[in-house]
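One structure below.
In what follows, residues are counted from 1 in the order of the sequence shown.
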Amino acid sequence: MLTMSTPQFHRQMICSGIFNPKFEVPKRSGKHTIFAGTLWMGGLDAGGNIHLAGQTYRQTGNDMWPGPIDTILDIASSPVLWDKSWKVSKAEIINHQLNYTNSEYVVPTNIADWPGFDPSLSRVLAPFADFNSNGIYDPQNGDYPYILGDESIYSIFNDYFPHSETGCSALGVEVHREVFAFDDPSNIPLNNTIFMRYYVKNFSSESYTDFRTGIWIDFDLGNAIDDYAGTDVSLDMIYAYNGDSDDETTSGYGINPPAQGVYFLNQTLSGSMTYDNINGSPLGNPVNCNDYYNLLKSIWLDNQPLTYGDNGRNPSNPVTTYVYPGITDPNLYVPNGAWDESVAGNFPGDRRILGAIGPFNLPANGVITFDIGYTYSRATSGGPLASVAQLQADVAALRLLYDSGTLTGISDAPIAVNEVTLSPNPASEYFTVKSDDKNTFDLELFNMNGQLVHAKRNCRSEETISLRNYDKGIYMIRISGEKGIQHKKLVVH
């Protein structure tokens, strides 16, 4: 299993500090596949001006700050109160559900401090089960965090202040990110994966067009100076692998080194781009706002588009948005042949790569959500390309689990539980849940962003819920009874 740290994981993987790598895999091995990673996002306002947040190592400044965007009114206390993450496990939640009525039970700090409803902001931050439906997060009365996976880390940050790294105008967005993982030694790909769910809300008065979001990764696959990077278009994935069969030095993985992938699960990868750690070159480090936005669009710093083949800058070759896709871009592979770093004749080295989605329209108060997987794979023989093949097979299998709803709790697959029916479905003003079991059950209603919008405990065999305050769309209902848990989809129209 990969290591999920506490607030340090948040700062390294989201705010990209300039410390030692923290993405350790396998757990307690002292080996790392990623040095730093972060979220990039940018778009155009009505006047065509770029608004963008994108950090690398914070060597020249910050583009993001901890906490909800509301806390800008209290600049002095915001970093102190919000520079942290909330780490909760499913085991802790189950124990809380079983024991919260016990007079000797003490609510664990990570459950007690969960950022549910914040009275100072008058809004819910992180999703939670509100069984008494009072809108307040009160775990002493049975409320608990709603998390994904067997263990979860929740964090909140924003880009309100002037951007001293990219020099871009602020977007005015608030970002919620949940990192989650599963403890399942029987499923090696799942056990070697960390997932992230992002929720980005535009709190500004601007409506952005050509809005793009990217995950920027500085891969350091053990020994940092002998890596290759690539793109698998079919899996919406960027990845890194060793440039030779032996990952040398004490920090390296040795013979048959692994591959590390980062991929979008519910969005289509629209582009990928690499650049070198040099200054003053169109293939080098971004310097100004236009540079960062260009990279999100697979355009070099001198405004030349990425082209397929060679070093990606041959104007005689067709324009593409995917760098080093191997044979996974059928539109260009069939007439032009495979294109990867080895074919291009590159020397292995220290690799940075950006995977992007979009473009979108992000209106004022608009929201974009997306899920990402980070999977480590290692073949037992065959060298680095065998590990790439193993990674591709592992990610394909995980995508099937995700699409079935198994990883996020949204599934139509029946589980051994009371026979439960919903009617009407689709519904408009109300719906009724009926169970053939005389025992009570708990009911939770989630929107497609994974946010809990209604919960009720100890429901009887028939329960009617009003929908007058809910938006149209698809919802997931979670019914928990003595026989187990069942999920149903509800369409509100």
Side-chain angles (χ1 to χ4, degrees), residues 1-5 9 13 22-29 31-34 37 87-94 146-154 177-198 215 217 221 232 234-241 253 256-267 370-382 384-417 446 450 476 478 480 484-487:
M1 186 175 181
L2 284 74
T3 296
M4 291 178 64
S5 306
F9 182 93
M13 288 303 300
K22 295 293 183 182
F23 201 93
E24 181 186 59
V25 54
K27 187 175 182 179
R28 300 190 183 95
S29 68
K31 310 295 184 184
H32 305 84
T33 58
I34 298 173
K87 183 178 180 180
V88 183
S89 70
K90 182 182 289 185
E92 290 173 310
I93 291 173
I94 292 173
Y146 173 65
I147 68 169
L148 301 172
D150 293 329
E151 188 171 76
S152 170
I153 302 175
Y154 203 90
R177 188 221 58 188
E178 182 175 6
V179 180
F180 60 102
F182 297 86
D183 185 11
D184 186 359
S186 67
N187 187 328
I188 294 175
L190 184 60
N191 216 47
N192 285 341
T193 299
I194 285 176
F195 300 95
M196 294 188 185
R197 168 165 288 181
Y198 281 95
I215 296 298
I217 301 290
L221 201 68
D232 190 311
S234 64
L235 294 173
D236 301 307
M237 177 172 68
I238 55 175
Y239 61 93
Y241 58 105
Y253 284 92
N256 294 312
Q260 174 71 53
V262 180
Y263 49 95
F264 292 90
L265 284 158
N266 61 342
Q267 298 282 355
F370 50 94
D371 295 338
I372 299 173
Y374 289 70
T375 296
Y376 163 98
S377 300
R378 187 172 189 176
T380 56
S381 62
L385 292 182
S387 290
V388 172
Q390 185 66 58
L391 173 67
Q392 291 168 322
D394 291 347
V395 172
L398 290 168
R399 292 184 71 88
L400 290 176
L401 281 178
Y402 178 87
D403 292 341
S404 73
T406 303
L407 302 182
T408 56
I410 300 175
S411 175
D412 286 327
I415 303 174
V417 71
F446 301 93
M476 188 274 287
R478 183 176 187 263
S480 307
I485 296 173
Q486 190 174 36
H487 298 92

Residues forming a side-chain hydrogen bond (donor to acceptor under 3.5 Å, both in side chains) with Y241, sequence neighbours excluded
none

Residue set satisfying salt bridge (Lys or Arg N to Asp or Glu O under 4.0 Å) with D394, at least two apart, ordered chain then number -> none

Got a sec, which residues hit salt bridge (Lys or Arg N to Asp or Glu O under 4.0 Å) with R378, two or more places apart in sequence or on another chain?
none

Would you call the rings of F370 and F264 parallel, tilted or perpendicular, where under 30° means parallel and over 60° means perpendicular?
tilted

Non-neighbouring partners of Y253 that pass ring-ring contact (aromatic ring centres under 6.0 Å, His included), sequence neighbours left out
none

Who pairs with D371 by side-chain hydrogen bond (donor to acceptor under 3.5 Å, both in side chains), at least two apart in sequence or on another chain?
R197, Y402

Applying side-chain hydrogen bond (donor to acceptor under 3.5 Å, both in side chains) to T380 and not counting sequence neighbours gives none

Excluding sequence neighbours, so at least two apart, what forms side chain to side chain contact (heavy atoms under 4.5 Å, CB included) with I94?
K90, Q97, L98

Going by side-chain hydrogen bond (donor to acceptor under 3.5 Å, both in side chains), name the residues that satisfy it together with Q267, two or more places apart in sequence or in a different chain.
none

Residues that A379 engages under side chain to side chain contact (heavy atoms under 4.5 Å, CB included), provided they are two or more places apart
A386, S387

is_close_aromatic(Y263, Y239), centroid dist under 6.0 Å:
no

For L221, what residues pass the side chain to side chain contact (heavy atoms under 4.5 Å, CB included) criterion, not counting sequence neighbours?
T33, D227, Q260

